[in-house]
Number of protein chains: 2
Amino acid sequence: MEVTTVDNQAAEIQAKAKKIIASRANATGLCPVRDILGRIGDKWSMLAILHLGSTDSLRFSELRKRIDGISQRMLTVTLRTLETDGLVTRTVYAEVPPRVEYALTGLGQGLLGVVIPMGSWANAHAPAIAEARQRVAAA
Amino acid sequence: MEVTTVDNQAAEIQAKAKKIIASRANATGLCPVRDILGRIGDKWSMLAILHLGSTDSLRFSELRKRIDGISQRMLTVTLRTLETDGLVTRTVYAEVPPRVEYALTGLGQGLLGVVIPMGSWANAHAPAIAEARQRVAAA
DNA sequence: CCGCATCCGAGATGATACTG
DNA sequence: CAGTATCATCTCGGATGCGG
């Protein structure tokens with residue numbers, strides 16, 4: 001066989017892509033891929049997951065300081081959604097003043113695991129994409 | 001050292017998450033992670049990439065048939081954006097009737113490589129997330 | 001066949017002010 | 001400190017009709 005390793009990988013990737021596409025319309029009537037993307041694809045979810053993933057747990061105000069530009073409202077909404085999806089835990093301490101800690105669940109850590117490669121890729125190839133945009137803008 | 005392999009991996013993941021977060025405000029003034037997510041996080045880009053990744057190339061009408069529910073307008077807009085970012089190529093054949101072929105660039109295939117694990121994860125854990133939502137809805 | 005331009009509604013996002 | 005409530009805004013995406 002004269003098939004190279006690269007060709008094998010390429011074929012394998014095509015096969016995986018087909019498989020993912022094929023998995024449309026599950027029980028909820030929505031393609032899982034689009035569903036998940038709809039969540040982490042919003043403006044803040046992924047950042048929240050990355051920040052929570054970079055430590056063990058964070059409280060509300062600390063998270064807000066770290067996620068630059070997020071409003072109080074959107075942080076609340078984002079965290080609630082992530083909690084609903086079972087990706088983060090929310091722990092309230094009955095103290096004065098109140099304290100609320102957020103942390104990733106096992107599920108959330110799993111998602112973090114697949115999100116990180118994407119973040120790394122984004123960092124690595126941001127220059128290439130910026131360059132491609134320049135080229136078009138110049139034309 | 002009594003540190004387990006799992007603990008090592010966890011620590012490594014935290015470190016990677018920190019690294020990704022730290023890379024904010026590049027030349028374009030935008031965090032690369034948010035930038036990329038803004039692209040593939042929209043309603044159709046990721047599906048287009050997956051479909052293009054499952055074959056060698058596709059023409060406009062074929063792509064439209066495969067991506068269920070997409071409007072002509074959004075397919076055009078999505079493909080143009082991907083082209084601008086250097087993720088897909090657009091080849092026009094001067095025939096009657098016209099024919100336009102789309103295919104992933106090397107950059108696009110790289111993105112496909114990190115997107116597929118996410119798709120696989122989404123498929124694998126969609127039930128868990130659905131269950132988490134049920135639990136909240138019941139409460 | 002392929003794609004652009006225009007209009008428009010829905011949902012996401014943001015600013016601000018107010019509570020336990 | 002950690003939200004909730006309300007209102008204003010803004011972008012996305014869909015429908016439609018025209019052009020190459």
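Throughout, protein chains are lettered first and strands after them, A, B, ... in sequence-line order, and every chain is numbered starting at 1.
Here D:dG13 presents its C1' atom at 11 Å from CZ of A:Arg34, a figure rounded to the nearest Å. Between the CZ atom of B:Arg39 and the P atom of D:dT11 there is a distance of 14 Å, rounded to whole Å. Whole-Å rounding puts the B:Ile67 CD1 to D:dG14 P distance at 12 Å. C:dA12 atom P lies 14 Å from atom NZ of A:Lys43, rounded to whole Å. Nucleotide D:dA2 holds its C1' atom 14 Å from the CD atom of A:Glu62, rounded to whole Å. Across the protein-nucleic acid pair, A:Leu75 atom CG and C:dA15 atom P stand 14 Å apart, rounded to whole Å. Rounded to a whole Å, the CZ atom of B:Arg73 is 14 Å from the C1' atom of D:dG17. In this structure, CD of B:Gln72 is placed 13 Å from P of D:dG17, rounded to the nearest angstrom.
For B:Met74, the listed nucleotide lying nearest its side chain is D:dG14; candidates were D:dG14, C:dC2, C:dC1. Here C:dG3 is the nucleotide among C:dG14, C:dC1, C:dG3 with the atom lying nearest to any side-chain atom of B:Phe60. Closest to the A:Ser61 side chain, of the nucleotides C:dT13, D:dG14, D:dA2, is D:dA2. Listed candidates were C:dC2, D:dG14, D:dA2. Nearest to the side chain of A:Arg99 is D:dA2. Closest to the side chain of A:Tyr102, out of C:dC2, C:dG3, D:dG3, is D:dG3. Here the nucleotide nearest the side chain of B:Thr76, chosen from C:dC2, C:dT13, C:dC4, is C:dC4.
If you take CZ on A:Arg90 and OG on A:Ser57, they are separated by 14.0 Å, rounding to the nearest 0.5 Å. Going from atom CZ of B:Arg66 over to atom CG of B:Leu50 covers 12.5 Å, rounded to the nearest 0.5 Å. Distance check, rounded to the nearest 0.5 Å: NE2 of A:His51 to CD1 of A:Ile67 gives 5.0 Å.
Across all strands shown, A:Arg64 has no heavy atoms under 4.0 Å from either base or sugar-phosphate atoms. A:Glu95 comes within 4.0 angstrom of no nucleic acid atom, judged by non-hydrogen atoms across all strands. Heavy atoms of B:Tyr93 sit nowhere under 4.0 angstrom from any nucleic acid atom.
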Exercise. Could you walk me through whether A:Thr81 and A:Ser45 pass side-chain contact (heavy atoms from CB on, under 4.5 Å), step by step?
Key: CA-CA 9 Å; A:Thr81 302; A:Ser45 293; 5.8 Å; no
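Under 4.0 angstrom from either OP1 or OP2 of D:dG3 there lies at least one side-chain N or O belonging to A:Arg90.
Panel note: side chain B:Glu83, backbone B:Val88; no donor-acceptor pair is recorded below 3.5 Å.
No N or O donor and acceptor, one from the side chain of B:Arg80 and one from the base of C:dG3, sit under 3.5 Å apart.
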